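Proteins get letters first, then strands, A, B, ... in listed order; numbering begins at 1 in each. Excluded from the calculations below are hydrogen atoms, water molecules and symmetry mates; all remaining heavy atoms, backbone and side chain alike, are included. The structure displayed is predicted, hence computed values, not measured ones.
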Number of protein chains: 2
Amino acid sequence: MGENFEAKRLPRNRHSDLFHSECPGRIVFDHITGRWAPLVLVKLAEGPLRFYELRDQIGRISEKVLSEKLRLLARDGLIERTVEPATPPRVSYALTDMGYSVAKPLRRLMRWVADHGDAVLAAQARHDDQN
Amino acid sequence: MGENFEAKRLPRNRHSDLFHSECPGRIVFDHITGRWAPLVLVKLAEGPLRFYELRDQIGRISEKVLSEKLRLLARDGLIERTVEPATPPRVSYALTDMGYSVAKPLRRLMRWVADHGDAVLAAQARHDDQN
DNA sequence: CAGTATCCCGGTCGATACTG
DNA sequence: CAGTATCGACCGGGATACTG
């Protein structure tokens, strides 16, 4: 049973060291994982959106939380807020180059969920039936 | 300013629809993102570990939370708990095939942080100086 | 429309102590 | 070693109301 561990072990990732304990990388990592940021980033990867468009597309996110996350991501240099002068003013959010680059791995992750989500749900059901 | 949006817009991702509102995919997504699960998964991708090895390598995670996450991930069919009879019994955790497959996109994400983390920190500093 | 302000609840997290 | 039990603190997040 221990042998096939070897077979499927990935080469040690030197980057994982950066995540030990109180490393600043953890802070960044927490920002782009977390519950809402990935959704925002992935949605914006398809094109810029206005505040309420974003809210509606994500669904079930309160305006307060959305605006908080938007501010955080702007601070991180991942998204950009643009005001077009008009009445009422149109505000839209778009990814920066850096935001665009992080959206790619996030989309892969989302793709994984799309491909394996049912298998996970099935595993949960199997596990729960065990009891 | 609107034009280059087109240039860097990714093709619409049909999988992102799976995340609208109360979709079960969101539940799965929440399990593999979140604060701790990605760290656990990535660490185990380098090979099976025992409980305290895992705790020490992750750092700053309480035993309670670690054991909770471990149970959740086992329920999701991503990790496997193995007891070797001995005194004291040795318990180790390893990724399943499915866990191994999700670890790959997670490692890419971590790699992104390793590569761009400093730029994010710099952006934060720039933003904060603005005030 | 595009948010901010306020209040408050629930769950998550961590610390500590304990068991087999 | 490998956890579980208990407890309290904290804060993310929702509801609502409000501003420009």
Side-chain angles (χ1 to χ4, degrees), chain A residues 1-2 19-22 26-41 43-44 48-76 79-94 127 131, chain B residues 2 19-22 26-27 29-40 43-44 47-76 79-94 127 131:
Chain A
M1 171 189 298
F19 290 80
H20 194 74
S21 228
E22 279 311 309
R26 281 273 274 269
I27 299 171
V28 176
F29 197 66
D30 286 352
H31 282 197
I32 62 174
T33 56
R35 186 171 181 189
W36 298 114
L39 270 347
V40 171
L41 260 7
K43 283 296 177 190
L44 288 181
L49 290 171
R50 299 176 60 190
F51 187 81
Y52 277 88
E53 290 174 335
L54 201 45
R55 192 205 58 171
D56 292 343
Q57 292 213 15
I58 292 176
R60 304 273 178 171
I61 183 172
S62 73
E63 290 152 22
K64 175 198 162 198
V65 171
L66 180 56
S67 97
E68 283 171 355
K69 296 310 166 192
L70 253 12
R71 259 180 284 158
L72 258 182
L73 292 173
R75 177 171 179 266
D76 289 343
I79 68 176
E80 192 176 21
R81 185 176 183 274
T82 307
V83 185
E84 298 175 46
T87 50
R90 301 183 140 252
V91 181
S92 58
Y93 295 88
H127 182 100
N131 304 11
Chain B
F19 291 81
H20 193 74
S21 228
E22 277 313 308
R26 280 272 275 270
I27 299 170
F29 196 65
D30 287 350
H31 282 197
I32 62 172
T33 57
R35 187 171 180 188
W36 297 116
L39 270 346
V40 171
K43 281 299 177 189
L44 288 182
L49 290 172
R50 300 174 61 186
F51 187 81
Y52 276 88
E53 288 175 337
L54 201 43
R55 193 205 58 169
D56 293 342
Q57 293 214 14
I58 291 176
R60 305 272 180 173
I61 183 172
S62 71
E63 291 151 22
K64 176 197 160 199
V65 172
L66 179 56
S67 97
E68 283 170 357
K69 297 309 166 191
L70 252 13
R71 259 180 284 159
L72 258 182
L73 293 173
R75 175 171 180 265
D76 289 342
I79 67 176
E80 191 176 23
R81 185 176 183 274
T82 308
V83 185
E84 297 176 45
T87 49
R90 303 183 138 253
V91 180
S92 58
Y93 295 89
H127 182 100
N131 304 11

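One interatomic measurement links the two molecules: CZ of A:Arg90 to P of C:dC1, which rounds to 11 Å at whole-angstrom precision. If you take NZ of A:Lys69 and P of C:dG3, they are 16 Å apart, rounded to a whole angstrom. At whole-Å resolution of the value, CD in B:Glu68 and P in C:dC13 are 7 Å apart. Going from atom CD of B:Glu63 over to atom P of D:dA5 covers 14 Å, rounded to whole Å. One atom, NZ of A:Lys64, and another, C1' of C:dA5, lie 10 Å apart when rounded to the nearest Å. Atom-to-atom, CG of B:Leu66 to C1' of D:dG3 comes out at 10 Å; the value is rounded to the nearest Å. When the P atom of C:dC13 is taken as reference, atom CG of B:Leu70 falls 14 Å away, rounded to whole Å. When rounded to the nearest whole Å, the span between CD1 of B:Ile58 and C1' of C:dC13 equals 14 Å.
Between atom NE2 of residue B:His127 and atom CG of residue A:Leu72 there is a gap of 9.0 Å, rounded to the nearest 0.5 Å. Note that OH of B:Tyr93 and CZ of B:Arg50 are 11.0 Å apart. Values are rounded to the nearest 0.5 Å. Atoms OG and CG, from A:Ser92 and A:Leu44 in turn, are 9.5 Å apart once rounded to the nearest 0.5 Å. Note: B:Asp56 CG to B:Ile61 CD1 = 11.5 Å, rounded to the nearest 0.5 Å.
The shortest distance between the side-chain N/O atoms of A:Arg81 and the OP1/OP2 oxygens of C:dA2 is not below 4.0 Å. Side-chain nitrogen and oxygen atoms of A:Trp36 include none within less than 4.0 Å of the OP1 or OP2 phosphate oxygen of D:dG12. A:Arg50 has a side-chain polar atom (N or O) that falls below the 4.0 Å cut-off from OP1 or OP2 of C:dA2. Contact check, A:Arg35 against D:dG12: no side-chain N or O comes under 4.0 Å of OP1 or OP2. Using a 4.0 Å cut-off, some side-chain N or O of A:Arg71 falls inside it from OP1 or OP2 of C:dT4.
Considering only heavy atoms from C-beta on, A:Val91 stays 4.5 Å or farther from A:Phe51 through its side chain.
Nearer to the 5' terminus of DNA chain D, by closest-nucleotide assignment, is the contact made by B:Tyr52 (compared with the other of B:Tyr52 and A:Pro88).
Within 4.0 Å (heavy atoms only), A:Arg55 reaches no atom of the nucleic acid at all.
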How far apart are the C-alpha atoms of B:Arg81 and B:Leu70, what are their side-chain angles, what is the distance that settles it, and do they pass the side-chain contact (heavy atoms from CB on, under 4.5 Å) test?
CA-CA 9 Å; B:Arg81 185 176 183 274; B:Leu70 252 13; over 6 Å; no
Set out, in order, the CA-CA distance, both residues' side-chain angles and the distance that settles side-chain contact (heavy atoms from CB on, under 4.5 Å) for A:Asp76 and A:Val28, then state yes or no.
CA-CA 8 Å; A:Asp76 289 343; A:Val28 176; over 6 Å; no
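When distances are taken from the side chain of B:Val91 to each of C:dG3, D:dG3, D:dG13, the shortest belongs to D:dG3. In this structure, of D:dG14, D:dG3, C:dG3, it is D:dG3 that holds the atom nearest to the side chain of B:Ser67.
A rotation axis mapping the C1' atoms of four pairs onto the next four is fitted at both ends of the helix from C:dC1-D:dG20 to C:dG20-D:dC1 over five pairs, and the angle between these axes is 40° to 10 degrees.
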